[in-house]
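The structure appears right after this line, and notes come after that.
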Amino acid sequence: MSDSGSTREHSKAGLPLDDVGRLVELLAESGVGEIRVRQGELEITVKAKAEAPAEQPAPQAAARVEAVPEVGAPAELPAERNGDLHMVRSPVVGTFYRAPAPGEGPYVEVGDRVKVGQTLCIVEAMKLMNEIPADSSGEIVEILAENAKGVEYDQPLFNIRPEV
Amino acid sequence: MSDSGSTREHSKAGLPLDDVGRLVELLAESGVGEIRVRQGELEITVKAKAEAPAEQPAPQAAARVEAVPEVGAPAELPAERNGDLHMVRSPVVGTFYRAPAPGEGPYVEVGDRVKVGQTLCIVEAMKLMNEIPADSSGEIVEILAENAKGVEYDQPLFNIRPEV
Amino acid sequence: MIGKVLVANRGEVALRVIRACRELGIRSVAVYSTADTDSLHRLLADEAVCIGPPSPASSYLNVPAIISAAELTGADAIHPGYGFLAENARFAEICEACNIKFVGPSSRTIALMGDKASAREVAVMTGVPITPGSDGLCRSAREVGRVGAEIGYPLVIKASAGGGGKGMRVVRSEDEIEAAYTSASREAGAAFGDGSVYVERYLQELRHIEVQVLADGRGGTATFPERDCSIQRRYQKLVEESPAPGLPEDAREGMKAAAATLVEHLGYEGAGTVEFVYAGGEFYFIEMNTRLQVEHPVTEMVTGVDLVAEQLGVASGEGLSVAGDAPARGHAMEFRINAEDPRRGFLPQTGPVEFYTPPGGPGVRVDSHLYAGFKVAPYYDSLLAKLIVHAKTREAAMRRGARALDEFALVGLETTQPLHLAILEDEAFRRGGVSTGFLAERELRSDGRGLLRLVADGRPSA
Amino acid sequence: MIGKVLVANRGEVALRVIRACRELGIRSVAVYSTADTDSLHRLLADEAVCIGPPSPASSYLNVPAIISAAELTGADAIHPGYGFLAENARFAEICEACNIKFVGPSSRTIALMGDKASAREVAVMTGVPITPGSDGLCRSAREVGRVGAEIGYPLVIKASAGGGGKGMRVVRSEDEIEAAYTSASREAGAAFGDGSVYVERYLQELRHIEVQVLADGRGGTATFPERDCSIQRRYQKLVEESPAPGLPEDAREGMKAAAATLVEHLGYEGAGTVEFVYAGGEFYFIEMNTRLQVEHPVTEMVTGVDLVAEQLGVASGEGLSVAGDAPARGHAMEFRINAEDPRRGFLPQTGPVEFYTPPGGPGVRVDSHLYAGFKVAPYYDSLLAKLIVHAKTREAAMRRGARALDEFALVGLETTQPLHLAILEDEAFRRGGVSTGFLAERELRSDGRGLLRLVADGRPSA
């Protein structure tokens, strides 16, 4: 296993800090990405700050992984896409209802202006009706979940354009 | 674990920082992505900042991998380190002999001037005495293998400073 | 027949259940916290539902979220794995109420055997030997003293709701009782919300031996070769093996018979493990785990029986494919690779796995949720991988274990891998039959070549 | 006793032998070409010697370099693996002359069984059934005609030194003889340096069944449950399983008895495989492979015997730990993961492995030299990994195989992995007992979701 050799050698001879220091200087001055020196049991590695952590390719367990159907895909709906919009997410797993009861009108429609605390929908979990309030005042610009369908924890439900 | 050649003993002293510095220069000037030098127990790696896909770390199968003793380490002794030197490598696996027969003087010594085609040593394989000729004229500056010890394919045997 | 199973767990055990489901043609539903979005159990299940934020209390212990996920996906059964909700009688009861099959015994059985005092009562009732001690709970220091006068010292005070050594105190003489009782009771209360304690004779040089059982709830029972789980650190098992080395045949048979008796008395259903201590040639019941255990692959490799498939078969009402006393073929050994640094006091390690290549070849099994790039989060337990080896003899299994540990490439985190190599080098371990004090009696030292070895610190090794 | 073994091979089989050595306490020496500097076999062996440049002729087939490496490192035995020098009688002879134990039978036996005509003679001599055909070599088209008149058409002309379909021609009537003889002989001469051919009845709807044997050279012999290797593409095996599905008991027993007879007659030493074709209820000897085979793990999983350890035991003079007819426990199946793109005519793939996580869990074994970052070079064969699964029944093994193939993550190269998933979906394969024409009779189609499936092209499937 990779062990940070320098610290383990500590007891034997004292850390060769001068060497390390010079390597660091060398690294900074030269602008190279990494310097590693190993000598016998001793190994020194000096790396520049990674500019962008190298992405590991995602595990691809054959084709099946791609075929996973999900109730929703919370993490994949990026906030960035929404610019200045505020996203309301489900705080619980359950069934999403836009109206207080069957046959009644929905709490909100696209275009409605809502205030903080105003109920936007219900997420039912274990027979409990969880009223989900707006946590930002503004205009409903998008309804992201489908009525009477399941939603996951953290799944986006509404996009609100906050009041300025 | 045991080391099996004189080249391994090369460096019990201080860190070869000059070498590192030269490698860094070389890296910066050359624009290559990485330089690594390992010689026996010594290994130096210099990498440019990663632009492209990150390297996978080498497989490290517990501590054992690091402990693999080898007859030599042919591929890792890079020609670059030797600047203008020309390296003569073993074309066969066998036993390295510096002299034509026991009791006789060696074919060449450090400091000798040699010509293309001149025999530098013998590598014995399966009772066959393979005479290894110089493929460059110049001065023998280093003898890299030990008399009567095994050498691998491609293992460095001599460094020659070519005539200009 | 079960058509869809929700797996209320994460990590390697969630994968284990998902694999079994796939092999049986049962659809699987993973639940995951937001910290586990990139986890293999989420990626390999047929469906997946995010149930909460990283904190276990809000996700993997979040009963309403898990039940809702089961209802939303139409899962007709829930497999709890081990840990989390696996021995939570209330959760099993809710599943029963929601008409979701809980893969395990009834909530009643879980509750009965989950309480140490009532489990001891069941053992007494069925004639299974228990450690001499208090008859049920001790409600005062004075009661502890009465037991001490009767069975002698040293004693140990244990938490009734306990486990993992919490709320446990050794009492070597009468004058230690007061302090020990108070602190044990307080610690038990803090850890389990229940300060009840009981008292037992303190056994020394003991071995932890356990018997895996399967039962179909209709009288069909199978018992398996005993496992020896004596290699522990702070009551956490690290190495398990089967059969237990050097155990007399009558002890072996006695424990299996006792386990079968218990299970039959309980009308048990599913997989379970009856745990014993073995000391001075005698065995005593300690507790029953009413769930799958981490070390179940040891039994699978030594018998060829797929315990999770059997669990699902029982839960489906199809019964067991085995019965009676399954014979051991050869020897199996499990090594738990934990994200803990043995060179620095077993400090938990977190962060990305940089490189991962598990060992292969004959007689090697790896159960792990790792892959290169997976980030080990600080929220959950430290088990990264289980390496299980199987060979004809114990000696061959140890050599295979060393070989496989040696080539197990896991870079980015320090793990217990070098500790296992050191254990395999230890003479007493190699002889077999060491006690649970094995690791505590030894120190880890570096051998100067990057490897670790164990050094017995003065005390004679078992 | 052997103290140090040089492994004259690369890739997964070199690893296989190195693992066995480590488990037996034998030191191992890897040899490697300059293309294999970063190979696991070099990294995991106790010692390693570079023997030449990438070209196999200059490295893994370079006898002087390998013998020198053995002498330099003091190896007292050489394990040839499979391929390369494994059936090179001259190499075995040189080992014998150099007093290095060749792990395998004597050079005499290799030479005898390596020549198809002399192998047929041995079979005839020992009463092992062979396909009706010429009595030895056919030295002219006229001789082929004489055999045709005697045993009828179709016939097949085969190269005596052959294998892999080279120098092979089907003759459906007398007037095709001249052209077929000439081209078969020419092709055989070009491929093997020996244009000798012989003639056999051309069997259709045949299955490839083989019997693994072990012998200690002193009369001790073990036979193993037969393997069915009928899933082939251009004479290259792709899937192997044991036992052979749906084979009548008398055929099974007959083949094992025939194999044992041959081995005893030869005074055989080490591991070997006697290959048969099975057609129309009859079996016929085809050839004997005097070495370890790629598919040996199928037998290891179905019997629990470590064939490589047995080879080394025999070579050490310690004899066998098994004898007689080893029973099958359950069913095992091997899938060869090759660096070939099944979507593009099985085009060989080279380049770096970007991501690699082999499957784990119960009943799964992976033998592979891969790791993330390993570069697949164009110089050597395309086998990347062998996935072997074991379960109680063939049905369960197929489901386990599909599960494991499914989670086998190998990114960077196209492989035969999706082909195997398609094979496991095929109705005829699932029923079992298909013929060697299985793949040729089918086309690979994309199912539109990224998966492949097999479609029988008009002809009825077996």
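So you know, we letter chains A, B, ... as the sequences are listed, proteins then strands, and number each from 1.
Contact check on C/E407 versus D/R19 returns a salt bridge, with a Lys/Arg side-chain nitrogen under 4.0 Å from an Asp/Glu carboxylate oxygen. Residues D/R365 and D/E334 are not paired through a salt bridge, judged by the lack of any N-O separation under 4.0 Å between the basic side chain and the carboxylate.
With rounding to the nearest 0.5 angstrom, the OG atom of C/S28 is 5.0 Å from the CD1 atom of C/I18. Note that CZ of D/F224 and NE2 of D/H296 are 11.5 Å apart. Values are rounded to the nearest 0.5 Å. Here CG of D/D426 is found 11.0 Å from CZ of D/R453. Values are rounded to the nearest 0.5 Å. Distance check: D/S368 OG to D/I337 CD1 gives 9.0 Å after rounding to the nearest 0.5 Å. Atoms CG and OH, on C/L43 and C/Y32 in that order, are 9.5 Å from each other to the nearest 0.5 Å. Rounding to the nearest 0.5 Å gives a distance of 7.0 Å between CG of D/L405 and NE2 of D/H420.
Of the two parts of C/L370, only the backbone, made up of N, CA, C and O, holds a non-hydrogen atom closer than 4.5 Å to a non-hydrogen atom of chain D. When heavy atoms are compared at a cutoff of 4.5 Å, D/I388 does not approach chain C at all.
Using a 4.5 Å cut-off on side-chain heavy atoms (C-beta onward), D/D36 and D/Y380 make contact. Side chains of C/T415 and C/F408 form no contact here, defined as non-hydrogen atoms less than 4.5 Å apart. With contacts defined as side-chain heavy-atom distances shorter than 4.5 Å, the pair C/H41/C/H369 does not qualify.
Contacts with chain D (heavy atom to heavy atom, under 4.5 Å) involve no residue of residues 2-9 of chain C. Identified by a heavy-atom distance below 4.5 Å to chain D, the contributing residues of residues 299-313 of chain C are C/E300, C/G304, C/D306, C/E310, in residue-number order. Contacts between residues 391-400 of chain D and chain C, defined by a heavy-atom separation under 4.5 Å, are made by D/K392, D/R399, D/R400. For a heavy-atom cut-off of 4.5 Å, chain C lies close to D/S321, D/V322, D/R329 in residues 319-333 of chain D.
Ranked by heavy-atom pairs shorter than 4.5 Å toward chain D, the options C/G363, C/P362, C/A404, C/A402 are led by C/P362. Ranked by non-hydrogen atom pairs under 4.5 Å with chain C, the options D/E12, D/K386, D/R16, D/E23 are led by D/E23.
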